[in-house]
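Not measured: the values here are computed from a predicted model. What's counted below: heavy atoms across the whole structure, side chains too, no hydrogens, waters or symmetry copies. Each chain gets a letter, A, B and so on, in the order the sequences are listed, and its residues count up from 1.
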Protein chains: 2
Amino acid sequence: MAGSSTKRRPYQVAETIKRWIVEKQLKPGDRLPGEAELMERLGVSKGTVRESTRVLEAQGLVETRTGPGGGAFVHAMSEARAISLLSHYLFFQDISIRDIYQIRLALEPELAASLAGRVSPEDMSRLRASLESYADTARDEEEERQQHLDSLNFHLMLAELSGGNPLLCFIIRFTTQVLSDLTIYRRLYEPATHDLGRTGCRFHAELLDAIEAGDAEQARRIMHEHMLSAQAVMNTQEAQVRRDFLSEA
Amino acid sequence: MAGSSTKRRPYQVAETIKRWIVEKQLKPGDRLPGEAELMERLGVSKGTVRESTRVLEAQGLVETRTGPGGGAFVHAMSEARAISLLSHYLFFQDISIRDIYQIRLALEPELAASLAGRVSPEDMSRLRASLESYADTARDEEEERQQHLDSLNFHLMLAELSGGNPLLCFIIRFTTQVLSDLTIYRRLYEPATHDLGRTGCRFHAELLDAIEAGDAEQARRIMHEHMLSAQAVMNTQEAQVRRDFLSEA
DNA sequence: CTAGCCCGGAGGCCTGACCACCGCTTTGTC
DNA sequence: GACAAAGCGGTGGTCAGGCCTCCGGGCTAG
């Protein structure tokens, strides 16, 4: 009797611990009970406790350290890990480049606008410096790919700087990540895209000017055009996003 | 010696299995080696194999069944689970209502536009029928909350119908889910929001007309105004999203 | 005062046994 | 002969206990 567990023990234990985290309002770095104590308090064996810990670890909620003073600690999931987990979801969905750009087209201009007049001079020079690497037309395929990665990285930096909206930042970084992986795993940029770097650089430069001037509307418009331009190029490429896991966090 | 494991065994095993899934192009429903076979082929103990299986399960990649013919099977993560995992990430981030609406403001109009002229008559009537429940001003707080949930559900249905862009659909559903949870866990809609349902209903009705007429620009514009209107109301409310886990998938 | 050793407590991994579950086969009855 | 009930067997699920590894901090030797 009693027993009855629609779910398996490790998950029951994991749920219990999650509840503790919420109820006790534990913060990252706070320590959870040790294996021995959990065994005793929950009446389960060591193996079960360990499995539940792996579950929480996999979900990015806790982190374990060995040695004295070790144990399980509440942990704020890294963005990289979140991206990885989300990519697991999309692994069996069919995402096309067009899908990615539909998102970027809507969000990147928003991000650009929100950045207008809010970037420090130091960051501004860092951004401008990064443009160098793809200012000229690429000479070979290898350089071209690297340019595209640098160009994507520019958007990553913008997202980083915004800081204001974690969710917006996350989504943009995710889409960028997907596009980066595409360039790594596939030869996507072969025909007639040699100027993509230079074109992108021009857009980026204009965008920085608008941002520096604090002209939100102008920044939004430029980014919008930039995305349209990039989308037009990408649409001529492969339609189907490669099914692959992203790098593990 | 030899050994050397920057990572711990269960994760190495999990990575290996992931690699198998990618390399062998396994699809949901395909069976993975049993515990005994994994123990032998990878030279690890049962406990380690089980921990790695819990990890993959937690990440939504596999599912296990007991009994004869049971075992671990490749599994497509449900959207609900993906949302749950993503909420784990945002648990320690500070998300404001404003952040949510910045996303909605950018994406929902896009969705609406992409739907113009592409909704079947049956779905159209289902959508129109759903408007009934919040056409009138709410009489009490309870009804008001229910109206808001129904109203949010309308957006969920739209996302569902689009179907075209899994990522867009996911993001919209996620943001909607967050807003729904807010209404459940907090008393958010107290002061002067009694007409929110009716106002929303009007927007929704106009939107459906535009979609039916196939007028993408009009649909985009209406949704944009709708979001602005809703954002204006929400901005007067609590700024900080409650830190809580969403329902477990 | 510093460098090094050493202790002890925490998780990490393994072994081996037994339990719970459930599709399939066998058996029994009408 | 057909259908239902009983049970086999293989699979994951859980438990118990043991030994190994790691590492911070205290203690000791230089």
Side-chain angles (χ1 to χ4, degrees), chain A residues 1-18 20-21 26 28-75 248, chain B residues 1-18 20-21 26 28-75 248:
Chain A
M1 46 152 37
S4 82
S5 40
T6 345
K7 298 173 187 173
R8 281 153 283 179
R9 305 267 188 119
Y11 291 107
Q12 296 180 30
V13 173
E15 286 300 315
T16 300
I17 295 177
K18 272 195 208 175
W20 286 350
I21 295 177
L26 300 181
D30 287 352
R31 187 172 181 171
L32 268 51
E35 292 182 350
E37 187 176 346
L38 289 175
M39 289 169 59
E40 185 185 357
R41 285 170 62 172
L42 302 176
V44 296
S45 76
K46 181 170 179 174
T48 302
V49 168
R50 287 184 58 72
E51 286 184 32
S52 76
T53 304
R54 290 296 85 73
V55 168
L56 293 173
E57 250 180 16
Q59 295 181 346
L61 289 173
V62 309
E63 162 200 45
T64 62
R65 289 196 288 272
T66 163
F73 300 83
V74 177
H75 178 67
E248 207 59 34
Chain B
M1 42 178 49
S4 85
S5 39
T6 353
K7 297 173 186 172
R8 281 154 282 180
R9 294 268 195 43
Y11 291 107
Q12 296 180 27
V13 173
E15 286 300 315
T16 300
I17 295 176
K18 271 193 206 174
W20 288 351
I21 295 177
L26 300 182
D30 287 353
R31 188 173 181 172
L32 270 53
E35 291 183 350
E37 187 176 346
L38 289 175
M39 289 170 61
E40 185 185 356
R41 283 170 63 172
L42 301 176
V44 295
S45 77
K46 178 168 178 166
T48 302
V49 167
R50 288 185 57 71
E51 286 184 32
S52 77
T53 303
R54 291 294 84 72
V55 168
L56 293 173
E57 251 179 15
Q59 294 181 345
L61 289 174
V62 308
E63 163 198 47
T64 61
R65 290 196 288 271
T66 85
F73 299 83
V74 177
H75 179 68
E248 205 60 32

Nucleotide N/O to protein N/O under 3.5 Å, stretch nucleotides 5-13 of chain D:
| from | atom 1 | to | atom 2 | distance (Å) |
| --- | --- | --- | --- | --- |
| D/dG10 | N2 | B/Pro68 | N | 3.3 |
| D/dT11 | O2 | B/Gly67 | N | 3.4 |
| D/dG12 | OP1 | B/Glu35 | N | 3.2 |
| D/dG13 | OP1 | A/Arg8 | NH1 | 2.6 |
| D/dG13 | OP1 | B/Thr64 | OG1 | 3.3 |
| D/dG13 | OP2 | B/Arg50 | NH1 | 2.7 |
| D/dG13 | OP2 | B/Arg50 | NH2 | 3.4 |
| D/dG13 | OP2 | B/Arg54 | NH2 | 3.4 |
| D/dG13 | O6 | B/Lys46 | NZ | 2.9 |

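- Look at CD on B/Glu63: it is 15 Å from C1' on C/dC21, rounded to the nearest Å.
- A distance of 8.0 Å separates CG in A/Leu32 from CG in A/Leu56, rounded to the nearest 0.5 Å.
- Here the side chain of A/Arg31 pairs a donor or acceptor atom with the backbone of A/Gly70 at under 3.5 angstrom.
- With sequence neighbours excluded, the residues satisfying salt bridge (charged side-chain N to carboxylate O under 4.0 Å, His left out) with B/Arg65 are B/Glu63.
- Side-chain N or O atoms of A/Gln12 include one that pairs as donor or acceptor with a backbone N or O of A/Lys7 at under 3.5 Å.
- Between the CG atom of A/Leu38 and the C1' atom of D/dT14 there is a distance of 16 Å, given to the nearest Å.
- For the pair A/Phe73 CZ and D/dG24 C1', the interatomic distance rounds to 12 Å; values are reported in whole Å.
- A salt bridge between B/Glu51 and B/Arg54 is absent, with no side-chain N of the basic residue lying under 4.0 Å from a carboxylate O of the acidic one.
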